[in-house]
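Have a look at the structure below, then the notes.
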Amino acid sequence: MSETNDFTALVIGGSVGGLAAAHELRAVGAGVAVYERSVGETSARGAGIVMQPEVDALLSRLGRQASSVSVELRERQQLDVHGRPARHGAPQLMTAWDTLYRALREPLSGVCYRLDSTLRRVQVSGHDVTAEFSDGYTARGNFLVGADGIGSATRMLLDSVSRPEYAGYVAWRGLEPESALPSDLLDLLADRFTFFTSSGMQMLCYLVPGADGEREEGSRRVNWVWYTNVAEPDLPRLLTGRSGEHFAHFLPPGELQPEIVEQVARQADVSLPRPFAELVHLSDVFMQPVFDLAPGRMVADHAALIGDAAGTVRPHTASGTSKAFGDAAGLAAALRGWAPNRPLPASELEHWEIRRLDRFLTLSEAGFDLAVRSTLGVGRGDRFFGSE
């Protein structure tokens, strides 16, 4: 990959989208520095990732095959309410957030990657953009990329109007070592994408690499997601952790209050096929509400937004990560050949924005349609986990 330092890019957000941006910008000659708001190493916000072409393409340019960071599935199966499967062949590669993170982070070992860096202010002066962080640290570059997710501080500074809107349902999640599952349950789930749908809910499950990227049988992990309709007034109770802290967009593992753990287990017993209910009981459950964030402008003066910072798509499209990677690749292409002593390539950036917004709308519509089919986030679907 090229690195001639024609300009300097400040990447806000050190998750996989921010790392993808760093790689793409370095490939067009930029010097990069990455700023992540987490105090320690960033933690997985969802765990399972479906391998998509945009991710595969970047890994290939880094000398990695998608299969080297993925678990290969052979079939899809739909369970009925009694747990009986209907199967068909559907080869697919599945990776995990932490596995992909390592694959992107390791080649950037010599790049500035600063933790505990919450963006507070952005200033543009001539050809320079300065980022000021909450601890008083400042960084100066020529272009700033906001890749800091749905709670983007970059977006708030560039566009104080746009706000995420709750979509009407949440994703309960689990990520457990396959070795912790009984053999009959693992036999059902291994090598397959498994799902179940009922009114107001949908559950899916597949295996991903182990905590250190292991792909061999016995060392992988079982990743599952259970979408359920939850009324917005009930959301604050579910997002209040054991410590009393209220979480905005993600309730981490270990924070689910004991009474909610019991409620989740009871609901699984009466709503899910037996294998899926058993899986819920065996897991340390965490939770993410589903939010919609419609995009505004993706480009500002010497700055751009990518990934969820620019706008979210429903998780059923399995495209959140790949959208961020596509945003990053297109942005880097638009900036190719630019030097800070010249005006920004406004036409190229405008065309990038138009193309990516068009892609966003396509994914957004597809995700909404998929949710409606499962009566998720719509009035006619059943609701769950209300206050007792």
For the ring pair [X] and [Y], is the centre-to-centre distance below 6.0 Å?
X	Y	result
W172	Y227	no
F276	F196	no
F133	Y35	yes

Examine distances only and state if a side-chain atom of R266 and a backbone atom of D269 form a donor-acceptor pair shorter than 3.5 Å. no
Do F193 and M94 come within less than 4.5 Å of each other through their side chains, counting heavy atoms only? yes
Show the numbers, then the answer: is there a side-chain hydrogen bond (donor to acceptor under 3.5 Å, both in side chains) between D308 and T312? CA-CA 5 Å; D308 286 350; T312 61; 5.7 Å; no
D159 and S162: CA distance, side-chain angles, deciding distance, side-chain hydrogen bond (donor to acceptor under 3.5 Å, both in side chains) verdict: CA-CA 6 Å; D159 171 17; S162 297; 2.5 Å; yes
Under a plain distance cut-off of 3.5 Å, with no hydrogens placed, do [Y] and [X] share a side-chain donor-acceptor pair?
X	Y	value
T362	R359	no
S15	W97	yes
Q123	T130	no
R314	Y169	yes
S374	Q202	yes

If you apply the rule side-chain contact (heavy atoms from CB on, under 4.5 Å), what do you find for T194 with L79, and how did you get there? CA-CA 7 Å; T194 306; L79 303 183; 3.7 Å; yes
Check against salt bridge (charged side-chain N to carboxylate O under 4.0 Å, His left out), K323 and D327: CA-CA 6 Å; K323 182 179 83 72; D327 289 348; 3.6 Å; yes
Do R114 and D135 meet the salt-bridge criterion of a basic N to acidic O distance under 4.0 Å? yes
Could you check whether E214 pairs with R220 (Lys NZ or Arg NE/NH1/NH2 to Asp/Glu carboxylate O, under 4.0 Å)? no
More than 12 heavy atoms of other residues, nucleotides or ligands under 6.0 Å from CZ of R121: is that the case? no
Aromatic rings H249 and F291: how do their planes relate, parallel, tilted or perpendicular, breaks at 30° and 60°? perpendicular
